[in-house]
Amino acid sequence: MDEDLFSERNEFNFESKLIRNDDKNIYNRLRSIVDDASFVMEITDLLPNLALIANERCGSWYIDCTKKKAYSAYFKSTDGHMHIWDFNIRRNNLHLIPILMKHNGGIIVDSTRKGKRIPDALSKTIPIWCCTVNRAVARYRGYSNNNECWDVEFHSLPSTVSRSEHAQIEAKIDGFVEKLLDSGVDMETVSKELKKPLRPIWYTPKSYDTLISSPPDFDADDIDFCPVICLSASEAVEAGYQLRAGYLYVQGSGDDQEAWAMGLTPNMLWKHRDEILTSSGECEGNVKNIVLLYKSKKLEEETNEKNYAFIKPTTLAIGNSAKCNKPPHCWEVFDYVINCSNSEEEVPIENDHYLYLPIPEGKKGQIIFGSSIQKAIDFVRDPILKNKKILVQCSTGKDHSVGILLAILIYYFDLDGQLLKDKSARVVDKKLVQHQLVKIISHWEKASPSRVTLKRLNTFFMSHLKLS
């Protein structure tokens, strides 16, 4: 082999290796996020009336929380993957409908890594959601399929979704509608809230010049749909990274935060942006200091999110381990508390109104979770009969606390939230479990129990009641 060619190839391989290492560098990641976020914020300035929504968790990085208030949603990319398209009942995102109606539309922010211009969550999952909700409402209202006043078409982006894939997805929509209507979702409320059919629209950094020169007017009187803007924050670059002045741009930097963020959160980034990004060499140390500061002083990030929610019409509530949900502050609202968190910060409290269930993460946690269900059910028996306010909380309010609350709801209440008079005559099946879970999600959109948690719950009821 020619020596110059061999040397050139080795140099290329060496540089490629450096770039692959640098794309995990937190400075490069954060500079890339800040760069992409400037595009997102300009688009929101162009369309100021639309609700700004972060598709968790990646989308949150691209919204400067010091300048804009953002709502939260969770549309999974996997629900848009080829041949496994789905409408996720557990992640139904129906809490967005009143938000979208209030603001005459919304901008949902997300990003994707190399190889794609738009993430599957924006190109397919959200369009599936829009069409399924539109058709479900049309079916509930008794509209005919050719009703010109209500759009029931499946809309996708031809440059991203082939016409073959479009047809395959569309063939599944009616099945998704049946699943939604049969899930226990309060369709009367959904129907009342949805004033216009939802319509997905897609923007990327390539759309910038067109948007600046001719911004759309979604407030016009002749707009007969509610725009759901699917905004892909990152610029699509070859190989997924690009050398820029002072840093390596990494497409979709906000993705997979466990691999690079070192405990930093989007709120921490935007509140301490200048301090964090003083220089490439100091960035990692700055991040560690800020994360340590938040941890050591137990500073809670200031958000507009709820720390708990009541599952109406019951007196049961679900929450996370925010300061207000811990003694002594919790007693200002609640009469009884079940704490499912397991951390060094949690201290068992000797109080007849407080039950501590230290449920760790992982396999060991699932065994303890299974053995904790009966304890929780027994603990709330008298308080429920006395109509006392009861909080079930864990560190995030997403998994174990949801599982415990779900067990309590199934054991003591019917689907209308009324106390069961005869538990022995009741049959617990998977449909009942799903309906009660949907009820929790409708009040607390963060609820996302794992499949293992739900399996343990089913196992418990199999041994106590008839589960079909």
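Since the structure is predicted, the reported quantities are computational estimates derived from the model, not experimental observations. Atoms considered below: every heavy atom in the structure, side chains included; atoms not considered: hydrogens, waters and symmetry mates.
Atom CD1 of I97 is separated from atom CG of L198 by 6.0 Å, given to the nearest 0.5 angstrom. For the atom pair CD1 of I53 and CD1 of I63, the computed distance is 9.0 Å after rounding to the nearest 0.5 Å. The NZ atom of K326 sits 7.0 Å away from atom CD of Q393, with the distance rounded to the nearest 0.5 Å. Between the CD1 atom of I338 and the SG atom of C394 there is a distance of 12.0 Å, given to the nearest 0.5 Å.
Between K446 and E56 no salt bridge is recorded (no basic side-chain N to carboxylate O distance below 4.0 Å). Salt bridge present: D182 and K431 bring a charged side-chain N and a carboxylate O closer than 4.0 Å. Note on D45 versus K68: salt bridge recorded, some NZ/NE/NH1/NH2 to OD/OE distance being below 4.0 Å. Between R135 and D174 there is a salt bridge, with a side-chain nitrogen of the basic residue lying less than 4.0 Å from a carboxylate oxygen of the acidic one.
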Verdict with reasoning, Y74 to N55, per side chain to side chain donor-acceptor pair (under 3.5 Å): CA-CA 5 Å; Y74 187 26; N55 192 31; over 6 Å; no
Any chance you could lay out the side chain to side chain donor-acceptor pair (under 3.5 Å) test for N339 and S341, step after step, and finish with the verdict?
-> CA-CA 6 Å; N339 178 7; S341 299; 3.3 Å; yes
Working note: L437 + I441, criterion side chain to side chain contact (heavy atoms under 4.5 Å, CB included); need CA distance, chi angles, decisive distance, verdict.
CA-CA 6 Å; L437 177 56; I441 293 171; 4.0 Å; yes
Candidate pair T453 and D399, rule side chain to side chain donor-acceptor pair (under 3.5 Å), full reasoning:
CA-CA 7 Å; T453 293; D399 188 10; 2.7 Å; yes
- Task: Check step by step if side chain to side chain contact (heavy atoms under 4.5 Å, CB included) holds for C131 and V133.
- Result: CA-CA 6 Å; C131 186; V133 171; over 6 Å; no
### Chi angles and distances behind the ring-ring contact (aromatic ring centres under 6.0 Å, His included) call for W61, W260
CA-CA 13 Å; W61 288 98; W260 60 267; 5.0 Å; yes
Worksheet entry | Verdict with reasoning, Y27 to R31, per side chain to side chain donor-acceptor pair (under 3.5 Å) | CA-CA 6 Å; Y27 180 78; R31 280 291 303 271; 2.8 Å; yes
Exercise for the section: Check step by step if side chain to side chain contact (heavy atoms under 4.5 Å, CB included) holds for S183 and L180. Expected result: CA-CA 5 Å; S183 69; L180 176 58; 4.1 Å; yes
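Taking the six-membered ring where the residue is Trp, F310 and F334 present tilted rings, their angle falling between 30° and 60°.
Formation of a donor-acceptor pair under 3.5 Å by the N325 side chain with backbone atoms of G319 is not found in this model. A donor-acceptor contact shorter than 3.5 Å is absent between the side chain of S234 and the backbone of Q251.
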Atom pairs and distances, side-chain donor-acceptor, residues 376-390, under 3.5 Å, sequence neighbours left out:
unit_1 : atom_1 : unit_2 : atom_2 : d
D378   : OD1    : Q374   : NE2    : 2.9
D378   : OD1    : R381   : NH2    : 3.4

Expected list for residues 99-107: side-chain donor-acceptor pairs under 3.5 angstrom, two or more places apart:
unit_1 : atom_1 : unit_2 : atom_2 : d
H103   : ND1    : N49    : O      : 3.4
H103   : NE2    : Y71    : OH     : 3.3

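Each of R91, K179, K172 was evaluated against D86; a single residue qualifies, K179, per the side chain to side chain contact (heavy atoms under 4.5 Å, CB included) test.
Judged purely by distance below 3.5 Å, without hydrogens or angles, the side chains of D79 and T125 never pair a donor atom with an acceptor atom.
Residues E284 and V287 form no side-chain contact, since every pair of their non-hydrogen atoms from C-beta on lies 4.5 Å or further apart.
Remark: R199 pairs with D151, H155 by the side chain to side chain donor-acceptor pair (under 3.5 Å) rule, at least two apart or across chains.
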